[in-house]
Amino acid sequence: MIPQKDLIVVTSAPHLHSPDNVPTAMRDVLIALTPALLAALYFFRLPALLVILVCVISAYAAEIVCLKIMKRESPTRESSAIITGLLLAFCLPPSLPLWMAVLGTLFAIVVAKHLFGGLGQNIFNPALIGRAFLLASFPVAMTNWTNPLDGLTTASPLGIMKEAGGEVLPPLGEIFLGSVSGSIGETSALALLLGGAYLLYRRQIDWRIPGTFLGTVFLLTAVIGGIKGEGLWYPVYHLCAGGLLLGAFFMATDWVTSPVTKLGRILFGIGCGLLVVLIRTKGGYPEGVAYSILLMNVVTPLLDRYTKARVFGRVKSHA
Amino acid sequence: MLVAILSLGAIGAVFGIILGFAGKKFAVAVDPRVEALLQIMPGANCGACGLPGCAAFAEAIVAGSVKPSDCAPGGATLYEQIAAIMGTEVSAYEERKVAQLLCQGGYGRTRMLYRYEGIKDCRAALANFKGPKACDFGCVMQGSCFKVCPFGAIEMGADGLPVIDYYRCTACNKCVVECPQQILKLIGVSHLVTVRCLNTEKGKDAKANCSVACIKCKICEKNCPEDAVHVVAAGEGSVAVIDVEKCTNCGICAAKCPTKSIDMISPLSEEVVLEIGTTPDAGCQACGVCKTE
Amino acid sequence: MKRATFKGGIHLDGHKELTSNLPTVVAPVPDRVYIPLSQHIGAPCVPLVVAGDEVKKGQKIGMAKAFVSAPIHASVSGKVIGIEVMEHPGGSFVPCIIIENDHQETWAETVQPAADPAALTPEELCAILLEAGIVGQGGATFPTHVKYAPVEGKKIDTVILNGVECEPYLTADHRLMLERAERIVAGLGYMLRSISCTQGVIAIEENKMDAVAVMKKAVAGQPNLRVVVLKDKYPQGSEKQLIYACTGKELPVGELPLSVGVIVNNVGTAAAFADAVELGIPLIERYVTVSGPGICHPANYLVRIGTLFSELIKASGGCCGEVEKIIAGGPMMGNTVFSDELPVVKGTSGIVLLHKEPHRAQKEYPCVRCAKCIDACPAFLEPTSLARLAKRSAWEEAEKSDVMSCIECSSCVYACPAQIPLIQYIRRAKQAILAAKAR
Amino acid sequence: MNLKNEFTKGIVRENPLFRLLLGMCPALAVTTSVNNGLGMGVAVTGVLLASNIVVSSMRKIIPPGVRIPAFIVIIATFVTITDMLMHAFTPALYTSLGIFIPLIVVNCIILGRAESFASRNTLLPSVIDALGMGIGFTLALVVVSAVREVLGAGTFFGLQLLPENIPALIMILPPGGFIALGCLLGLMNKFQKKTA
Amino acid sequence: MQEYVIIIISAVLVNNIVLSQFLGICPFLGVSKKLSASLGMSGAVSFVLIIASFITWVLQTYLLTPLNITYLQTIAFILVIASLVQFVEIVIKKFSPPMYKALGIFLPLITTNCAVLGVAIINIQNEYSLGKVMVHSLSHAAGFTIALLLMSGIRERLEDADIPESMRGTPIALIVAALMSISFLGFSGLT
């Protein structure tokens with residue numbers, strides 16, 4: 001007897017599925033990152049291009065090698081490694097030696113992602129781990145900012161704010177457009193807002209995380225600004241400067257490492273916001289977005305556990 | 001020097017007295033035998049004894065509600081050790097058993113009704129028209145047994161059927177309990193001849209669906225010199241069954257069976273069989289994983 | 001206007017335009033009908049006939065003694081030629097009574113209209129429900145008379161007729177409401193009377209405004225009956241979600257609708273009830289939509305119970321394209337069957353033939369924790385967590401996580417971008433928990 | 001009893017750090033340089049040896065009820081002696097190991113060996129066991145600290161190996177300890193799997 | 001007041017006892033597979049840690065220092081801790097069986113937990129007053145609890161993760177600890 005071909009498929013309902021799948025989601029994120037990519041290339045030119053290329057290529061290569069070693073499915077249809085590489089490049093200074101970028105990418109992909117079992121199983125956002133790893137390893141190279149206007153080495157806006165040294169803060173308009181010193185992809189608030197809006201429109205991210213994240217930062221800095229006697233520009237400046245928008249729209253919202261429950265997401269956003277303001281105002285670093293999101297990644301499993309929704313029809317006291 | 005000795009002695013004495021006092025005052029009795037038993041248990045927490053884990057089994061031994069031999073993975077060595085702790089005699093000799101699959105209907109041998117798509121779970125596949133195979137008695141080939149085996153003794157073969165590594169099998173019974181078709185059975189390793197089909201349909205129907213089904217031809221029955229194999233009534237029909245008491249492992253029925261639904265294998269090599277009743281090496285490797293939690 | 005609805009759920013492409021405007025066709029009566037002994041939830045019937053018996057249309061040919069059960073009737077007149085085990089749309093094998101049609105269409109003597117429908121007592125009405133073998137027409141096939149059997153101390157204040165039909169492709173209920181509105185309203189009237197309930201609600205989704213208009217006209221002048229228009233969302237037709245959408249009441253976990261004073265029935269059930277009371281005809285035919293991309297000429301049919309799928313597919317011009325799945329019922333909750341040689345039963349609301357979905361990859365992706373399943377779940381569960389628990393057979397934990405509250409609407413699987421068959425894992429967990437309880 | 005076996009098991013097969021997962025705290029804390037790792041290893045070996053000798057020779061005298069407290073006192077005594085010796089002879093090492101010298105007292109390796117081996121065996125095997133375990137632990141510490149020192153500071157025993165700007169500072173920061181040990185354990189497992 | 005706040009922030013976040021001081025690694029890795037177990041463990045450790053800090057401080061200030069036998073510190077402290085643990089175990093076993101069930105199996109493990117002895121020694125090294133000793137040990141207990149709970153939350157999630165065979169168990173736990181430790185670097189310099 002031979003196995004019959006062309007048998008009808010029998011399986012469990014449902015037999016219809018949403019056209020959204022993992023690759024389309026990845027594609028949407030890539031599309032959303034395009035404005036920031038263009039802005040980065042416009043402001044930082046060749047150095048940025050090189051860092052981005054190096055990160056993306058090494059991320060992709062690392063992904064393929066890891067999957068080969070672990071004998072897992074080919075990732076060619078997913079672009080998650082490319083996104084990781086791109087996001088990591090976005091939070092690196094354009095002047096970073098390329099071999100450091102490669103090292104950070106490898107650490108991100110291998111340690112933060114594949115040691116945990118690959119896509120969907122990591123606890124920490126790989127790109128942010130890559131950045132934090134590099135920052136801890138090469139603190140000097142990682143805080144060497146070039147100003148895109150004159151190519152000179154300057155402190156980042158937040159650094160100037162923190163040190164309150166002789167340097168003058170760049171005007172808000174420049175911060176908004178992105179012609180200030182900073183990491184490759186984080187300087188242009190406008191481009192990041194465009195990307196974030198696209199993701200929200202495509203429903204690939206939940207408004208709760210960026211909403212509460214940015215909201216918390218805005219409120220707290222407004223209060224602090226009020227105490228300091230600064231005007232409304234102070235909280236707005238905090239929103240647009242540094243990696244806040246990049247983090248809030250693209251990294252805190254990472255599906256894998258953020259909570260799955262709605263309440264959990266709200267708490268996650270608030271937690272990120274609190275930590276950012278804490279580190280920016282009281283901590284040892286001028287910028288705290290990466291650390292704040294990583295710290296909230298740590299808390300995510302507990303948030304998920306304790307913010308489960310009440311099951312339909314469960315009496316409230318029971319839940 | 002003296003101060004040191006005195007003060008340290010004093011500290012020691014004070015705490016010694018407190019502890020001694022507390023130990024007496026607040027003593028709670030624990031049977032030391034339970035502890036001792038727990039030390040020697042295989043620690044697989046396989047549940048073959050019907051109790052939730054080795055700790056429960058140790059308590060049950062002390063309570064006298066189970067026999068040492070209820071622990072299948074333990075083997076003779078364990079029974080002796082338990083007997084030593086409990087101060088009893090070693091229970092009767094028990095033959096080593098291994099789980100065997102009573103179905104040979106892999107891909108290409110049994111007619112398929114449809115292509116199953118979905119989770120790898122036999123019960124889930126059975127929910128659709130009793131599984132993708134036309135035969136309702138055979139292996140569903142989704143590997144539920146493979147998933148529950150705590151000893152890695154089961155793998156899924158290329159023909160879709162589970163392949164059991166008899167050397168690794170500890171007869172823990174987990175796969176037997178898990179199998180929804182009840183086609184896995186613990187069989188003593190000295191029984192070499194087995195009917196590997198449980199299809200009770202009429203010979204014609206069975207044959208139409210599967211090339212290795214028992215077709216109730218009774219050839220085995222007629223040829224058995226010991227009168228050990230019979231086609232007996234089962235379910236709504238009948239199927240060949242070997243009486244292990246009478247069977248002498250001559251293998252004539254296996255040779256004569258037209259569909260080869262009876263086969264003859266020696267699950268374990270001779271030297272292993274000689275040590276019947278011992279814990280197989282590949283079973284519990286005392287990795288301690290089960291004990292850490 | 002903001003339409004009432006439930007929380008969670010998904011928006012589906014209904015594909016209803018394929019058949020929603022096609023008037024129902026009476027399907028050709030086949031030469032043979034195959035009537036399964038079990039077409040309902042509950043005890044299967046015992047056949048009352050043997051091979052060789054002459055039967056008449058509407059004659060009772062099988063019944064069970066159990067309370068939760070429904071009798072079956074011959075849908076044609078002719079000769080019983082045997083009882084054979086056949087594939088059943090529910091995903092099992094069931095013995096079927098096979099009747100050779102003599103095409104005489106002689107009615108059985110038992111088929112008698114009630115002398116004075118207005119004078120029937122609740123008990124008599126309930127008896128008619130039982131005798132006519134009426135079961136839920138929406139697909140669940142729960143024997144209707146059980147719902148209307150009085151329960152001590154429980155008062156029903158609302159009967160909801162489910163005209164939601166949230167499954168894609170299906171338009172049988174839609175056509176029924178357009179074509180037999182007055183029968184539905186009459187049936188609802190009998191239902192209300194049999195439990196002395198005052199309020200009747202007919203729930204229809206906003207994508208069927210023509211049916212809304214017709215039903216509104218049909219209930220005009222009866223102030224205790226109203227038509228509720230609901231938002232277009234799946235799974236609105238699920239009992240719990242429908243009750244919430246219509247009344248705002250949340251059915252407690254593990255309770256029947258009874259506990260919140262509600263009974264939910266399909267519109268088709270009401271129409272069948274009216275037929276049984278006023279004409280004495282038991283449930284021997286029903287509306288069936290034959291649709292999907294794999295069908296050449298999709299259509300709505302009025303079909304005798306026991307007609308083979310293949311006859312209906314043939315009547316619709318046969319298959320077109322490479323059919324991957326044949327579904328009995330709607331594509332969200334219906335079962336796939338492995339051949340077309342199986343009969344239409346009381347719960348068959350549609351036959352949908354699907355091609356391979358172009359956007360479906362061969363293998364599932366790992367869960368990326370996007371939480372789309374959680375957002376989609378109308379029971380507010382976490383399907384992905386439940387599936388994970390089921391994957392490692394952590395049944396107890398799954399039970400603690402309320403896996404039993406899953407209504408198996410499959411919204412989560414639809415929404416899942418990683419294409420994980422969440423619902424299968426969940427079903428497996430439920431099955432294991434029930435098995436453990438039974439032990 | 002095969003003494004050679006008793007000796008080698010502690011080095012490879014039952015390496016206290018890599019296989020038995022004992023003594024994690026010092027393995028993470030003091031392995032920022034090979035110097036420290038080696039010093040720690042030697043100190044632990046010394047204490048282990050001394051306590052094993054005493055425990056083994058006194059095993060028949062100590063009543064089982066107060067076994068653990070007695071062992072701890074014995075161990076603590078030797079730790080204190082070690083502490084003083086190091087303070088006197090290796091002041092630099094003493095400062096850099098700091099609190100982790102008194103903490104040798106609570107190193108599970110020592111109590112574990114006393115409890116599971118020395119209290120059940122005669123003197124000679126106990127000595128051999130202590131030596132094997134101690135050397136195994138020392139080797140493990142040296143490996144971990146070598147990885148961390150080379151990658152994190154670019155040096156090995158203070159010798160400059162890598163150019164100034166290459167080393168990743170993180171390896172001698174706290175996370176580096178976890179990373180190095182975690183990866184080494186993973187590699188060990190993989191290696192073990194292949195040979196098994 | 002300022003000093004106390006600095007002690008708290010430093011002990012809980014900046015110099016977290018587990019993630020940057022490497023004390024109490026064994027229970028941190030060993031008992032963090034289940035959230036419930038880690039709750040029990042951190043409860044037991046916190047309890048013993050605080051009481052032991054108090055007793056060892058008293059012992060040091062009123063016995064060892066006046067008698068000029070501070071070299072006996074290690075022996076004396078470990079004796080205190082060992083006895084304390086055993087005492088607590090006996091008492092709990094007698095008076096609160098449910099609590100014993102929850103904490104009992106962890107108590108013996110605490111004797112060899114370097115967190116307790118470590119904090120006791122740090123207290124003395126830093127020459128804290130009694131008030132600061134209590135705040136300090138309390139914050140370290142909190143730091144330990146937080147680290148353990150977060151770790152067990154993560155490890156419960158990792159239970160379903162498809163981690164490479166050789167990384168399962170302790171290796172991946174160490175990697176998680178590493179990444180947690182990297183995240184906690186964000187607090188460095190916090191004042």
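All values below were derived from every heavy atom in this structure, side-chain atoms included, with hydrogens, water molecules and symmetry-related copies excluded. The structure displayed is predicted, hence computed values, not measured ones. Quick note on labels: first sequence line is chain A, next is B, and so on, each numbered from 1.
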Student: Quick one: what part of C:Glu357 sits under 4.5 Å from any heavy atom of chain A, side chain, backbone, both or neither?
Tutor: side chain
Student: Examine whether an atom of C:Val352 lies under 4.5 Å from a heavy atom of chain A, and if so say whether it belongs to the side chain, the backbone or both; otherwise answer neither.
Tutor: neither
Student: Against chain A, label C:Pro378 side chain, backbone, both or neither, depending on which of its atoms sit under 4.5 Å from a heavy atom there.
Tutor: backbone
Student: On the six-membered ring of C:Phe380, is C:Lys7 placed so that its NZ or CZ lies under 6.0 angstrom from the centre and within 45° of the ring axis?
Tutor: no
Student: For C:Cys367, which atoms come within 4.5 Å of any heavy atom of chain A: side chain, backbone, both, or neither?
Tutor: backbone
Student: Between C:Tyr244 and A:Phe312, how do the two ring planes meet: parallel, tilted or perpendicular, split at 30° and 60°?
Tutor: perpendicular
Student: Please walk me through it: do A:Asn122 and A:Thr257 pass side-chain contact (heavy atoms from CB on, under 4.5 Å)?
Tutor: CA-CA 7 Å; A:Asn122 45 311; A:Thr257 54; 3.8 Å; yes
Student: Top residue by heavy-atom pair count (under 4.5 Å) with chain C, among A:Ser258, A:Ala13, A:Gly118?
Tutor: A:Ala13
Student: Tell me, for C:Ala415 versus chain A, whether the close heavy atoms (under 4.5 Å) come from the side chain, the backbone, both or neither.
Tutor: backbone
Student: So does A:Lys262 get a backbone contact from the side chain of A:Asp206, meaning a donor-acceptor N/O pair under 3.5 Å?
Tutor: no
Student: Just so I understand: if I count every heavy-atom pair under 4.5 Å between each of C:Ser410, C:Ala371, C:Pro168 and chain A, which residue has the most?
Tutor: C:Ser410
Student: Using heavy-atom distances under 4.5 Å, tell me whether A:Thr253 contacts chain C through its side chain, its backbone, both, or neither.
Tutor: neither
Student: Go through the atoms of A:Lys308 and report whether side chain, backbone, both or neither lie under 4.5 Å from a heavy atom of chain C.
Tutor: both
Student: Pick from C:Lys240, C:Gln419, C:Lys249: which one has the most heavy-atom pairs with chain A under 4.5 Å?
Tutor: C:Lys240
Student: Would you call C:Glu250-A:Arg310 a salt bridge at under 4.0 Å N-O?
Tutor: yes
Student: Taking NZ, NE, NH1 and NH2 as the nitrogens, is one of them in C:Glu397 or C:Arg388 under 4.0 Å from a carboxylate oxygen of the other?
Tutor: no
Student: For chain C, which candidate among A:Thr24, A:Thr261, A:Asp254, A:Thr11 shows the most heavy-atom pairs at distances under 4.5 Å?
Tutor: A:Thr11
Student: So which residue, A:Ile205, A:Val10, A:Asp20, ends up with the most heavy-atom pairs under 4.5 Å with chain C?
Tutor: A:Val10
Student: How far apart are the C-alpha atoms of C:Ile243 and C:Phe6, what are their side-chain angles, what is the distance that settles it, and do they pass the side-chain contact (heavy atoms from CB on, under 4.5 Å) test?
Tutor: CA-CA 9 Å; C:Ile243 293 173; C:Phe6 63 101; over 6 Å; no
Student: Are a donor atom and an acceptor atom from the side chains of C:Glu165 and C:Thr171 found within less than 3.5 Å of each other?
Tutor: no
Student: Does C:Glu255, at its CD atom, have more than 12 non-hydrogen atoms belonging to other residues, nucleotides or ligands within less than 6.0 Å?
Tutor: yes
Student: Who among A:Ser18, A:Ser12, A:Gly120 has the most heavy-atom pairs with chain C under 4.5 Å?
Tutor: A:Ser18
Student: Between chain A and each of C:Glu324, C:Glu408, C:Gln424, C:Met333, count heavy-atom pairs under 4.5 Å; write down the option with the most.
Tutor: C:Glu324
Student: Answer with side chain, backbone, both or neither: which region of C:Lys356 has an atom nearer than 4.5 Å to a non-hydrogen atom of chain A?
Tutor: neither
Student: Keeping the roles fixed (side chain from A:Asp304, backbone from A:Val260), state whether a donor-acceptor pair exists under 3.5 Å.
Tutor: yes
Student: Heavy atoms only, distances under 4.5 angstrom: which of C:Leu354, C:Val413, C:Ile10, C:Asp13 has the most pairs with chain A? Name it, please.
Tutor: C:Val413
Student: Which one wins on heavy-atom pair count under 4.5 Å against chain A: C:Thr384, C:Ile407, C:Asp375?
Tutor: C:Asp375
Student: Taking the side chain as every heavy atom from C-beta outward, state whether A:Thr300 and A:Ile123 have any pair of such atoms under 4.5 Å apart.
Tutor: no
Student: Less than 4.5 Å to any heavy atom of chain C: does that hold for the side chain of A:Arg203, its backbone, both, or neither?
Tutor: backbone
